[in-house]
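Read through the structure below, which is laid out as structure tokens, and then see the notes.
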Amino acid sequence: MKRLAVFASGNGSNYEAIAAACACGRLDAEVAVLVCDHTDAYAIRRAAKFGTPVFAFCPKDYASKADYEKEIVSLLDSKGVDLVCLAGYMRIIGDVLLKAYASKIINIHPSLLPAFRGAHAVEQAVAYGVKVYGITIHWVDESLDGGRIIAQRAFGYDGNDPEEVHRLGQAIEHELYVETINKLINE
Ligand code: GAR
């Protein structure tokens, strides 16, 4: 059984979709740890429901990104993590983690990359008047939302309400993330 680490900064609905898929056997995997860069993230409460161990940290408590990433790498090593799934982790992955887990880190992003990278992808797309939205899952490299694409799913929306786009997109994210992890761990 493969061992996943999920990284989240806030809500954690994608974490929950992955944890639920593991719990019901849809994914032949286990979430070995949830990593949160906010000690009050709602994702932590979701983790309690599934009994997932949590590592919650405050980046300001460390002298540098390299310092907290070294601690994360030791933790992932100790848990025997096979795949790192970023799920609303709003922090750029640094060299320490990228080198230690090269080709083992994936991310989900709420746009059809390479369009609308960064933190406010949906708001930017709505402001642009986009009619075809989408979700992308990609490998993580040193670029911002720029690694090679693994999966994408599009949906149409002709309106100007970012909340509605988030709602439509999240339903797709939860399905697509589980399907994609399933493919990757069975390759
Ligand atoms: C998701 O919509 C994800 O695509 C987005 O954050 C949300 C987290 O939701 N990620 C990014 O924007 C990354 N650039 P969740 O906390 O409910 O899983």
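Numbering of ligands and ligand atoms starts at 1, following listing order. Since the structure is predicted, the reported quantities are computational estimates derived from the model, not experimental observations.
Atom 4 (O) of ligand 1 has as its closest protein heavy atom E173 OE2, 2.4 Å. At the shortest separation from atom 9 (O) of ligand 1 among protein heavy atoms lies Q170 NE2, 3.0 Å. In terms of protein heavy atoms, atom 13 (C) of ligand 1 is closest to H109 ND1, 3.7 Å. Ranking the protein heavy atoms by distance from atom 15 (P) of ligand 1 puts S13 N, 3.4 Å first. Counting only heavy atoms of the protein, atom 10 (N) of ligand 1 lies nearest to I108 O, 3.6 Å.
At least one donor-acceptor pair closer than 3.5 Å links the side chain of T136 to the backbone N or O of S111. In terms of modelled atom types and a separation under 3.5 Å, the side chain of E173 and the main chain of I108 share no donor-acceptor contact. Remark: side-chain polar atoms of S9 are paired, donor with acceptor, to backbone N or O of M90 under 3.5 angstrom. Counting only distance, with no hydrogens or angles, the side chain of E142 and the backbone of D95 share no donor-acceptor pair below 3.5 Å.
Distance check, rounded to the nearest 0.5 Å: CG of L4 to OH of Y15 gives 11.0 Å. Note: D37 CG to Y68 OH = 7.0 Å, rounded to the nearest 0.5 Å.
Ionic pairing of D158 and K131 is present here: one or more N-O contacts between side-chain nitrogen and carboxylate oxygen are shorter than 4.0 angstrom.
At a 4.0 Å cut-off, at least one heavy atom of G12 sits close enough to ligand 1 to count as contact. Within the structure, ligand 1 lacks E16 among the residues with a heavy atom less than 4.0 angstrom away. Heavy-atom distances between A17 and ligand 1 stay at or above 4.0 Å for every pair.
For ligand 1, the atoms sitting less than 4.0 Å from at least one non-hydrogen atom of G118 are 14 (N), numbered in the order shown with element in parentheses. Contact atoms of ligand 1 toward N11: 16 (O), 17 (O) (distance under 4.0 Å to a heavy atom of the residue). If you number the atoms of ligand 1 from 1 as listed, the ones under 4.0 Å from a heavy atom of M90 come out as 11 (C), 12 (O), 13 (C). If you number the atoms of ligand 1 from 1 as listed, the ones under 4.0 Å from a heavy atom of P110 come out as 4 (O), 5 (C), 10 (N), 11 (C), 12 (O).
Polar contact with ligand 1: absent for Y15 (N/O pair, distance under 3.5 Å). Looking at N107 next to ligand 1, no N or O pair under 3.5 Å apart turns up. Checked by distance only, ligand 1 and G88 stay at 3.5 Å or farther apart across all their nitrogen or oxygen atoms.
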Inset, instruction - Please lay out, stage by stage, how F55 and F57 fare under the test ring pair (Phe, Tyr, Trp, His ring centres under 6.0 Å). - result: CA-CA 6 Å; F55 174 66; F57 70 101; 5.6 Å; yes
Inset, instruction - Would you check, one step at a time, whether the test side chain to side chain donor-acceptor pair (under 3.5 Å) holds for E123 with H166? - result: CA-CA 9 Å; E123 288 73 14; H166 274 294; 3.1 Å; yes
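Annotation: side chain of Y157 is not in contact with side chain of V130 (no heavy-atom distance under 4.5 Å).
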